[in-house]
Amino acid sequence: MKNSTFIKSLILLLAIMVFSACTEEKKKRVINFSKTDLASENMIPKPLKVTATNGGFALDEFTAIYTSENATGFEAVGKFLAKKIKAKTDLDVQVNVNEIPNLETVIYINQSDSTEIEGAEGYQLYITPDSVILNANTAAGAFRGIQTIRQIIPETSNDTLSSSKIWTIPTGKIIDNPQFSYRGSMLDVARHFFSVADVKKYIDMLAYYKYNVLHLHLTDDQGWRIEIKSWPLLTEIGGSTEVGGESGGFYTQEEYKDIIAYAAERHILIIPEVDMPGHTNAASVSYPFLNGNGIKPELYEGTQVGKSTFDTRKDTVYAFVDDIVREISALTPGPYFHIGGDESHVTKKNDYIYFVEKVEKIVQKHGKIMIGWDEVAIANIDSTSIPQFWGSKKNAELAIKKGLKIIMSPAKKAYLDMQYDTLSKHGLHWAAYIPTDTAYVWSPERYEGIPIENILGVEAPLWSETISTIEELEYLAFPRAIGYSELSWSTQENRDWENYKVRLANQAPYLDRMNVKYYPSALIDWKKSKYTYTEIEKD
């Protein structure tokens, strides 16, 4: 039993601690308990249940991390936590080291078989003055748990009476698991291309707030951003430009695999999207036989939508699609492939339905589950396929009648590219202005009458017509993406704007440390930060 292994490990650790106490001269450690209310900590998303015991765990140079033996992925989680503790505190916390002189406190990351821990991402956290014990059934659950630990480590050491610096973590118990199994954001790298480094930084931010999906919008009228070896002109021609006429760019297959591996280390799933049969000008200008709108395709650098389409009655188009799905699916370990399917205004309805049903079979042939924007619900799609609700309540209702799961991304509430207000430097407002409070104060569980049993989860899309740099991306994404993490993870009963905005204000030091150029909403009383660019946390 895993729990018996855990007990044996604790006994061993306690023996080490007692031995060290008897044989080594300790430096005096006096812990400052001035702020030790676990329930008042600035955790986002808010955990399901927090019980404070008003003590303090001393994180310092005499702390070590131990993980369950032979538990897949748990040591990697421990090492990830140690690296983040080093970045925040400059402490070198050892992981799974047999002998540590002067060992005082222990963080133990334990694989549990407890039925009390719900789901693959649930975890329990027990914090006492001597130990932090994180129990999870999977490495993914443990990884979500260490984000909570990261958030409750103080920004600065708070013990001035000790000869060594101490970061006091409040004691207590946290029981937590997500409301939705799918918690995502989408990044449009087609309208404007974003580098591998930019995508990795966004992944780091998402991971900190317990997201588990990054959906990459890889193709559109303005650019094709993923190397396809069997169709090289897609990137040579279709990837050569972007909105506004810049030089564009694309990911080689090795770069794409690097992004996937980086995300996997943070237990984030990458979902690739190839948008079709509309939003396909970049593909058609590369290979004109694909084109079905009767107009000679040329490179496009504007932002209008709905003018392009594949020729949905041509067999060679489906041979092309098969190659695309095959190559990308082989690179992508997750279960999903997103076919887009939105705003295909010049595709006749019968042709559109025919296309979606044919492509669904291709996606399934390559071992993936099809996702599409809500328009795909008009086709006779399989019960496993997933519409993503962005604009049409009618399409969502059709999906519900068919018993389909739905990803909630309503443009009026969840689109990260919408402007905050009339003074916003970036973004659009065709759906709505979405200030920081509006982004948070809505209920995905009840939006437009969609039953919670039909909701797979929530995704916040970030379209890139108006942004081209990581700083502009961050301006639109943050702080709203932080709120969407709570809407995805925490139950409706556990969410409250007045409480949330205080916790959000206290995210400023972390955002500054990560050099995130967030929008400083006047609705939030942002906590001042001492950090400068040279002090930011890096991997």
Side-chain angles (χ1 to χ4, degrees), residues 1-17 38 43 45 47-51 57 59 63-85 93-100 103 105-128 130-153 169 171-183 207-208 210-213 261-269 333-335 489:
M1 297 290 288
K2 299 185 184 79
N3 280 338
S4 62
T5 302
F6 165 59
I7 292 170
K8 290 177 182 178
S9 299
L10 274 184
I11 292 171
L12 174 61
L13 292 175
L14 288 170
I16 293 171
M17 291 165 66
L38 184 63
M43 293 174 278
L48 184 64
K49 185 176 181 180
V50 180
T51 304
F57 169 91
L59 174 66
T63 303
I65 295 173
Y66 290 89
T67 67
S68 287
E69 296 179 359
N70 304 317
T72 302
F74 275 69
E75 184 172 26
V77 172
K79 289 180 177 178
F80 188 94
L81 177 59
K83 182 169 65 173
K84 293 304 181 182
I85 290 174
V93 179
Q94 300 300 303
V95 180
N96 292 337
V97 175
N98 289 333
E99 294 185 12
I100 300 179
L103 182 65
T105 52
V106 175
I107 299 172
Y108 194 79
I109 303 173
N110 173 55
Q111 185 178 37
S112 172
D113 53 9
S114 172
T115 57
E116 295 180 0
I117 300 174
E118 294 187 24
E121 295 178 285
Y123 67 92
Q124 294 179 347
L125 197 57
Y126 300 89
I127 307 169
T128 72
D130 299 318
S131 63
V132 173
I133 301 172
L134 171 61
N135 291 332
N137 293 335
T138 69
F143 190 82
R144 306 302 170 218
I146 68 167
Q147 307 317 311
T148 300
I149 294 174
R150 291 175 64 191
Q151 290 185 4
I152 61 178
I153 297 172
I169 298 175
T171 59
K173 178 181 179 180
I174 294 174
I175 298 175
D176 203 10
N177 61 272
Q179 175 174 217
F180 294 118
S181 62
Y182 185 109
R183 306 176 309 280
Y208 186 75
K210 298 188 176 73
Y211 280 81
N212 65 356
V213 170
Y262 192 86
E265 289 173 355
R266 289 145 183 82
H267 295 271
I268 287 180
L269 183 71
W489 183 282

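We're numbering straight along the sequence, starting at 1.
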Visitor: Backbone N or O of H267 within a donor-acceptor pair of the R144 side chain at under 3.5 Å?
Guide: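 Yes; at least one donor-acceptor contact below 3.5 Å.
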Visitor: Looking at N135, is its backbone amide N or carbonyl O close enough to the side chain of S112 to form a donor-acceptor pair, meaning the two atoms are under 3.5 Å apart?
Guide: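 Looks like no, no N/O pair under 3.5 Å.
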Visitor: Is Q151 atom CD crowded by more than 12 heavy atoms from other residues, nucleotides or ligands, each under 6.0 Å away?
Guide: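 Count over threshold, so yes.
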Visitor: Can you name the closest pair of heavy atoms from V213 and Y182 and give their distance?
Guide: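 Looks like CG1-OH, 3.6 Å.
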Visitor: State whether the side chain of S68 and the backbone N or O of A71 hold a donor-acceptor pair below 3.5 Å, judged by distance alone.
Guide: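 No; zero donor-acceptor contacts below 3.5 Å.
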Visitor: Quick one: CD on Q94 to CD on E99, what's the gap to the nearest 0.5 Å?
Guide: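 Here the interatomic distance stands at 13.0 Å.
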Visitor: I want to check something: taking the side chain as every heavy atom from C-beta on, are I107 and L134 in contact at a cut-off of under 4.5 Å?
Guide: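 I107 does not reach L134 side chain to side chain.
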Visitor: Looking only at atom types and distance, does a side-chain atom of N177 sit under 3.5 Å from a main-chain N or O of L48, one as donor and one as acceptor?
Guide: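 No, because the side chain of N177 does not come within donor-acceptor range (under 3.5 Å) of the backbone of L48.
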Visitor: After noting the C-alpha distance and the side-chain angles of V106 and T63, does the key distance pass the side chain to side chain contact (heavy atoms under 4.5 Å, CB included) rule?
Guide: CA-CA 6 Å; V106 175; T63 303; over 6 Å; no
Visitor: Determine the minimum heavy-atom distance between P178 and G122, stating which atoms define it.
Guide: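 That would be CD-N, 4.3 Å.
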Visitor: Let me confirm one number: the CD1-OH distance from I65 to Y108, rounded to the nearest 0.5 Å.
Guide: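 Here the interatomic distance stands at 12.5 Å.
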Visitor: After noting the C-alpha distance and the side-chain angles of R266 and F80, does the key distance pass the side chain to side chain contact (heavy atoms under 4.5 Å, CB included) rule?
Guide: CA-CA 9 Å; R266 289 145 183 82; F80 188 94; 3.9 Å; yes
Visitor: Would you give the length of the straight line joining atom CG of L38 to atom OG1 of T51, rounded to the nearest 0.5 angstrom?
Guide: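 So the gap between those two atoms works out to 8.5 Å.
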Visitor: May I ask you to decide if T105's main-chain N or O and D130's side chain share a donor-acceptor pair within less than 3.5 Å?
Guide: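 Here the side-chain-to-backbone pair does not exist.
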Visitor: Let me confirm one number: the CH2-CZ distance from W489 to F180, rounded to the nearest 0.5 Å.
Guide: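 The CZ atom of F180 is 13.0 Å from CH2 of W489, to the nearest 0.5 Å.
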Visitor: Restricting to side chain to side chain donor-acceptor pair (under 3.5 Å), what partner residues turn up for N212, sequence neighbours left out?
Guide: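 Partners of N212 under the side chain to side chain donor-acceptor pair (under 3.5 Å) test: E121.
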Visitor: Output the distance between atom CD1 (I146) and atom OH (Y123), rounded to the nearest 0.5 Å.
Guide: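 Spacing of CD1 (I146) from OH (Y123) equals 11.0 Å.
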Visitor: Might you work through the side chain to side chain contact (heavy atoms under 4.5 Å, CB included) test for E75 and E69, ending with a clear yes or no?
Guide: CA-CA 8 Å; E75 184 172 26; E69 296 179 359; over 6 Å; no
Visitor: Using the rule given for side chain to side chain contact (heavy atoms under 4.5 Å, CB included), can you reason through L125 versus T148, listing the C-alpha separation, both sets of side-chain angles and the distance that settles it, and then say yes or no?
Guide: CA-CA 9 Å; L125 197 57; T148 300; 4.1 Å; yes
Visitor: Compare every heavy atom of A142 with every heavy atom of F74, then report the nearest pair and how far apart it is.
Guide: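 Shortest heavy-atom contact: CE2-CB, 3.9 Å.
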Visitor: Determine the minimum heavy-atom distance between T171 and T128, stating which atoms define it.
Guide: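 Closest pair (atom of T171, atom of T128, distance): CG2-C, 3.6 Å.
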Visitor: Could you tell me which non-hydrogen atom of S181 sits nearest to which non-hydrogen atom of R183, and how far apart they are?
Guide: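 Smallest interatomic distance, heavy atoms only, reads O-NH1, 3.8 Å.
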Visitor: Checking the side chain of S131 only, and the main-chain atoms of I133 only, is there a donor and an acceptor separated by less than 3.5 Å?
Guide: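 Pair absent, no side-chain N/O of S131 close to backbone of I133.
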Visitor: Could you tell me which non-hydrogen atom of I127 sits nearest to which non-hydrogen atom of F57, and how far apart they are?
Guide: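 Smallest heavy-atom distance, with atoms named: CG2-CB, 3.9 Å.
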Visitor: Do side-chain atoms of N137 reach the backbone of I117 as a donor and acceptor pair under 3.5 angstrom?
Guide: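 It does hold such a pair.
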Visitor: Rounded to the nearest 0.5 Å, what separation is found between the OG1 atom of T72 and the CD atom of Q111?
Guide: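 Between T72 OG1 and Q111 CD, I get 7.0 Å after rounding to 0.5 Å.
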